Amino acid sequence: EWTVLQFATAEVGIILVNINPSYRNHEVKYALNQSGCKMLVLARKFKKSFYTEIITELAPELSYSTFGDLQSEELPALKMAVVLSDNAASGFLSWNNFMAKATETEKQKFYEIQQTLTFDDPINIQFTSGTTGYPKGATLSHHNILNNGYFVAENMNITDKDRMIIPVPLYHCFGMVIGNLACVTHGATMIYPCAGFEPLAVLQAVEKEKATALLGVPTMFIAELEHPDFQKFDLKSLRTGIMAGSPCPIEVMKQVQSVMHMKDVQIAYGMTETSPVSTQTKIGTTLEKQVSTVGQVLPHIEIKIIDKSTGKVLPIGESGELCTRGYSVM
């Protein structure tokens, strides 16, 4: 459902707002209000989070509202809520009934809307870490994220023969751009092994689907390598993947390249505000550089490292502030 919405919203120019499923009530309220979100699509629950309860607490008016006509004191912009379930509580619309509404709009209206869209329209708001207070909403365009997914996949030599396991969150740029958009720009297969990361489900999916690429942060790869049943799985189909989010210990990289057969695994670095990837290691990069660097700048992007106090570019080997320029910048 998440992926259907990702492409459907882009088709008609609706801004997709990514909400972290681990947000608490006050963070959900902030993200919805700060982005002016009109419609919310949510699962009923996941693990210990009960999402319909969170929204009902924030907007008790839902219980006596008709779909599309919510008047909420706490969430004034929000007008409707769709739940990923066959049965919807009062005020919510079920996913199936929501999908059925597609027939209520004439295709001609759809084509007319498409004619008004441009490549640099804002299409996506991704909330990134709130280390300085509340989460920050990075507003990204078709041009930002579609091109970034394309160049990440180009660097990985992805083709329509590849099959990528995407166990990283879709609300995050890792799953949505490096996963979904990298695949769709090259005709590769997207595979979601589980609703939330589970190392066993990933290993099972790699073997069953004969996956050629696998995404993850270093701790995910460690969890897969350390799973007690790891040796039982045939992972020989794997070739490449992206490891990002934090530095990878050299021993982990050695195992990923050898016993997981990902000899072409790559490191990527970036931030949500840059769509996200700015630098990426290349296939054939030495092991030492794979674990001690974040690769080289991607095409059509410029980077520099400056002295914050003077703004001057620093000599090679000195630490400073990294600046990024190009199509990918919010």
Side-chain angles (χ1 to χ4, degrees), residues 3 6-7 10 119-120 123-124 126 138 140-170 172-192 206 209-218 220-221 237-245 248 253 256-257 260-287 289-291 293-304 322-330:
T3 307
Q6 178 181 350
F7 293 109
F119 73 97
D120 58 355
I123 198 63
N124 180 217
Q126 297 191 26
L140 304 170
S141 68
H142 294 281
H143 193 61
N144 290 148
I145 58 177
L146 194 58
N147 280 288
N148 202 251
Y150 173 83
F151 285 113
V152 168
E154 277 287 282
N155 217 37
M156 298 170 73
N157 291 342
I158 294 292
T159 72
D160 59 356
K161 303 293 190 294
D162 280 294
R163 303 168 65 79
M164 184 182 290
I165 303 283
I166 306 173
V168 291
L170 292 169
H172 190 272
C173 48
F174 204 164
M176 178 183 166
V177 181
I178 300 174
N180 288 359
L181 294 183
C183 284
V184 80
T185 56
H186 286 69
T189 301
M190 297 173 271
I191 302 166
Y192 309 121
V206 170
E209 304 294 342
K210 294 183 170 50
T212 59
L214 172 61
L215 306 182
V217 298
M220 287 180 171
F221 285 97
S237 60
L238 285 175
R239 170 185 69 83
T240 187
I242 293 287
M243 196 185 300
C248 177
M253 181 61 78
V256 169
Q257 290 183 339
M260 292 187 81
H261 306 283
M262 295 172 63
K263 61 182 179 60
D264 292 339
V265 67
Q266 294 171 288
I267 301 293
Y269 166 80
M271 60 182 81
T272 310
E273 293 87 343
T274 57
S275 301
V277 178
S278 295
T279 68
Q280 188 175 338
T281 55
K282 292 185 176 178
I283 288 175
T285 300
T286 63
L287 179 67
K289 286 192 173 181
Q290 286 276 20
V291 296
T293 78
V294 288
Q296 295 164 280
V297 65
L298 287 183
H300 306 288
I301 294 173
E302 295 174 275
I303 59 172
K304 63 180 179 179
L322 185 138
C323 301
T324 303
R325 176 166 74 182
Y327 75 85
S328 65
V329 178
M330 167 182 131

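All figures in this text were calculated on a predicted structure; none of them were measured in a lab.
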Undergrad: What I'd like to find out is whether the side chain of L146 reaches to under 4.5 Å of the side chain of T185, using heavy atoms alone.
TA: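 L146 reaches T185 side chain to side chain.
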Undergrad: Taking all non-hydrogen atoms of both residues, which atom of I301 and which atom of S328 are closest, and how far apart?
TA: CD1-OG, 3.8 Å
Undergrad: Would you say I242 and Q280 make side-chain contact, with heavy atoms under 4.5 Å?
TA: yes
Undergrad: Report yes if the side chains of K161 and T212 come closer than 4.5 Å at any heavy-atom pair, otherwise no.
TA: no
Undergrad: List the atom of S275, the atom of N144, and the distance in Å for their closest heavy-atom pair.
TA: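 Minimum heavy-atom separation between S275 and N144: OG-CB, 3.1 Å.
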Undergrad: I need the M253 CE to L287 CG distance, nearest 0.5 Å.
TA: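 Those atoms lie 7.0 Å apart.
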Undergrad: Got a donor-acceptor contact below 3.5 angstrom from the Q126 side chain to the C173 backbone?
TA: yes
Undergrad: Are side-chain N/O atoms of S141 and D120 paired as donor and acceptor at under 3.5 Å?
TA: no
Undergrad: State, with a plain yes or no, whether a side-chain heavy atom of V297 is found less than 4.5 Å away from one of E302.
TA: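 In short, these two side chains do not touch, never coming nearer than 4.5 Å.
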Undergrad: For M164 and I158: C-alpha separation, side-chain torsions, deciding distance, then whether side-chain contact (heavy atoms from CB on, under 4.5 Å) applies.
TA: CA-CA 9 Å; M164 184 182 290; I158 294 292; 4.2 Å; yes
Undergrad: Output yes when a side-chain donor or acceptor of D162 lies under 3.5 Å from a complementary backbone atom of T159, and no otherwise.
TA: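 Here the side-chain-to-backbone pair exists.
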Undergrad: Are F151 and V277 side-chain neighbours, meaning at least one heavy-atom pair lies under 4.5 Å?
TA: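 When only atoms from C-beta onward are counted, V277 and F151 do not touch, as no gap falls below 4.5 Å.
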Undergrad: Answer whether the closest heavy-atom distance between the side chains of N148 and L181 falls below 4.5 Å.
TA: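 The answer is no; the side chains never approach within 4.5 Å.
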Undergrad: Please round to the nearest 0.5 Å and tell me the distance separating atom CE of M271 and atom CG of L322.
TA: 6.5 Å
Undergrad: Looking only at heavy atoms, what is the nearest atom pair of V168 and G216, with distance?
TA: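 Scanning both residues, the minimum pair turns out to be CG1-CA, 3.8 Å.
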Undergrad: A side-chain contact here means heavy atoms from C-beta on lying under 4.5 Å apart; do L214 and M220 qualify?
TA: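 Side chain of L214 against side chain of M220, heavy atoms only: no contact under 4.5 Å found.
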Undergrad: Going through the distances and angles, do T281 and K289 end up as a side-chain contact (heavy atoms from CB on, under 4.5 Å)?
TA: CA-CA 8 Å; T281 55; K289 286 192 173 181; 6.0 Å; no
Undergrad: When you look at R239 and I283, which way does the side-chain contact (heavy atoms from CB on, under 4.5 Å) test go after all the steps?
TA: CA-CA 10 Å; R239 170 185 69 83; I283 288 175; 4.1 Å; yes
Undergrad: Does any part of the side chain of V329, heavy atoms only, come nearer than 4.5 Å to the side chain of E273, both counted from C-beta?
TA: no
Undergrad: How long is the gap from CG on N157 to CD on Q266, to the nearest 0.5 Å?
TA: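 Taking CG in N157 and CD in Q266, the distance rounds to 7.5 Å.
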Undergrad: Assess the residue pair M260 and V206 against the criterion (side-chain contact (heavy atoms from CB on, under 4.5 Å)); give the C-alpha distance rounded to whole Å, side-chain angles, the decisive distance to 0.1 Å, and a yes or no.
TA: CA-CA 10 Å; M260 292 187 81; V206 170; over 6 Å; no
Undergrad: Tell me the closest heavy-atom pair linking A211 and S237, and the distance in Å.
TA: O-OG, 2.6 Å
Undergrad: Could you tell me the separation between the CG atom of L298 and the OG1 atom of T324, rounded to the nearest 0.5 Å?
TA: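 Taking CG in L298 and OG1 in T324, the distance rounds to 10.5 Å.
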Undergrad: Out of the candidates H186, H143, H142, only one should pair with Y150 under the ring-ring contact (aromatic ring centres under 6.0 Å, His included) rule; please name it.
TA: H186
Undergrad: Would you compute the distance between atom OG1 of T274 and atom OH of Y269 and round it to the nearest 0.5 angstrom?
TA: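 The OH atom of Y269 is 7.0 Å from OG1 of T274, to the nearest 0.5 Å.
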Undergrad: What are the two closest heavy atoms between G241 and M262, and how far apart are they?
TA: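 For G241 and M262, the tightest heavy-atom pair comes out as CA-CE, 3.8 Å.
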Undergrad: Taking all heavy atoms of Q290 and all of V265, pick out the closest pair and write down the distance.
TA: NE2-O, 2.9 Å
Undergrad: Supply the atom-to-atom distance T240 OG1 to M243 CE, rounded to the nearest 0.5 angstrom.
TA: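 With rounding to 0.5 Å, OG1 (T240) is 10.5 Å from CE (M243).
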